[in-house]
Amino acid sequence: MEITVDIFLLAILGSFVLRTVGFGFGIFIMTVLPFLMPSYGEATALSGLLAMTTSVFIAFRMRRYLNWHHLWSILLTFVILSTISIFLLKRMDDVLLRRILGVVLILTALYFAFFSERIKLKTNLPTQVGAGMISGLLGGFFGMQGPPAVLYFLSSEPDKEHYMAMIQTYLLMGNIIMAIVRAHNGFITSTVGWDYLYGVGGVAIGYGIGSLVFRHIPQRVFKYVVYGYIGVSGIVVLFTAGL
């Protein structure tokens with residue numbers, strides 16, 4: 001019972017973060033979830049399913065802001081790399097993956113904190129492919145494909161509404177593909193199914209609260225809110241990655 005309550009609370013907070021800044025469900029929940037699930041692969045599967053459910057609601061609500069021209073190349077690259085990563089995940093050690101995840105999260109936080117404002121990404125095909133490759137690796141191995149795509153969409157979209165529509169459609173379609181591949185590799189188990197049912201109520205609560213907060217974030221400070229969340233995630237990981 002204690003684990004199911006933990007998953008419910010994690011789903012509330014993860015969904016709130018995703019609805020507020022457009023990403024971060026996996027970054028937040030995967031600092032704890034691998035320690036609650038029977039295996040690392042099942043943890044990534046549950047994280048992906050819950051994040052996908054949140055993205056369904058957001059993408060549908062923001063659909064009028066969607067620009068497909070900025071989406072296809074990064075999404076196709078992501079699908080290829082994440083599929084390869086998930087197949088490799090089945091052959092890797094859970095403890096090793098947790099340690100790698102900790103390092104990846106810390107490096108991601110450092111990048112956003114110190115370099116994101118100095119490096120301006122061009123909205124061209126090489127940038128889309130590069131972001132899709134990194135996002136695919138992070139999504140397949142760690143269930144946290146958001147940060148590289150966030151950098152791209154923050155650069156390519158004119159305001160927070162267009163950014164939110166793009167990132168949520170990207171995450172939704174990516175998580176659908178990864179759910180299919182994870183099911184094929186045996187990561188979506190009965191345990192994942194039951195825990196998903198416990199967590200989906202938390203997703204609804206977090207989505208509602210996050211929607212209210214998103215509407216009140218001024219456009220001029222939105223990017224700083226996004227980068228600030230990454231920084232906080234890095235601090236949390238500094239204390240949890242070695243557990």
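Tyr196 and Thr53 share a side-chain donor-acceptor pair at under 3.5 Å. When only modelled atom types and interatomic distance are considered, Ser135 and Tyr170 share a side-chain donor-acceptor pair under 3.5 Å.
Pairing each heavy atom of Met62 with each of Ala165, the nearest pair is O-CB, 3.2 Å. Contact detail for Val150 and Tyr163: the closest heavy-atom pair is CG2-OH, 3.6 Å. Of all the heavy atoms in Gly186 and Thr189, the pair that sits closest is O-CG2, 3.5 Å. What you find for Ser55 and Leu171 is that their closest heavy atoms are OG-CB, 4.0 Å. The minimum heavy-atom distance linking Gly199 with Ala11 is given by the pair O-CB, 3.1 Å. Counting all heavy atoms, side chain and backbone alike, Ile188 lies closest to Ala45 at CG1-CB, 4.0 Å.
Annotation: side chain of Trp194 is not in contact with side chain of Thr4 (no heavy-atom distance under 4.5 Å). A 4.5 Å side-chain heavy-atom check between Phe214 and Val21 finds every atom pair outside the cut-off. Looking only at side-chain heavy atoms (C-beta outward), Glu161 and Arg64 stay at 4.5 Å or farther from each other. Taking 4.5 Å as the limit, some side-chain heavy atom of Leu9 sits within range of a side-chain heavy atom of Val5. Residues Ile205 and Ser15 are not in side-chain contact: their nearest non-hydrogen atoms beyond the backbone lie 4.5 Å or more apart. Annotation: side chain of Val192 is in contact with side chain of Met37 (closest heavy-atom distance under 4.5 Å). Residues Met166 and Thr169 fail the side-chain proximity criterion, which asks for heavy atoms closer than 4.5 Å. The closest side-chain heavy-atom distance from Ile58 to Met164 is below 4.5 Å.
Going from atom CG of Leu88 over to atom CG of Leu137 covers 9.5 Å, rounded to the nearest 0.5 Å. Atom CD1 of Ile7 sits about 12.5 Å away from atom CD1 of Ile12, to the nearest 0.5 Å. Here the straight-line distance linking atom OG1 of Thr54 with atom CZ of Phe25 works out to 5.0 Å at 0.5 Å rounding. Here Met52 contributes atom CE and Leu50 contributes atom CG; the two are 9.0 Å apart, rounded to the nearest 0.5 Å. Interatomic distance, Ile167 CD1 to Ser156 OG, rounded to the nearest 0.5 Å: 9.5 Å. Distance CZ/Phe35 to CG/Leu33: 10.5 Å, rounded to 0.5 Å.
For Arg19 (side chain) and Phe16 (main-chain N/O), no donor-acceptor pair under 3.5 Å exists by modelled atom type.
No chain of hydrophobic side-chain contacts below 4.5 Å, direct or via other Ile, Leu, Val, Met, Phe, Trp or Tyr residues, connects Phe60 to Leu212.
Within the 6.0 Å centre-distance limit, the rings of Phe87 and His184 are counted as a close aromatic pair. Taking the six-membered ring for Trp and the full ring otherwise, Tyr207 and Phe57 have centroids separated by under 6.0 Å.
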Do His162 and Asn67 pass the side chain to side chain contact (heavy atoms under 4.5 Å, CB included) test, and can you show the C-alpha distance, the side-chain angles, and the key distance before you say yes or no? CA-CA 8 Å; His162 285 84; Asn67 183 349; 5.7 Å; no
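Every pair passing side-chain hydrogen bond (donor to acceptor under 3.5 Å, both in side chains) that includes a residue from residues 71-83 is listed here, sequence neighbours excluded: Ser73-Gln128.
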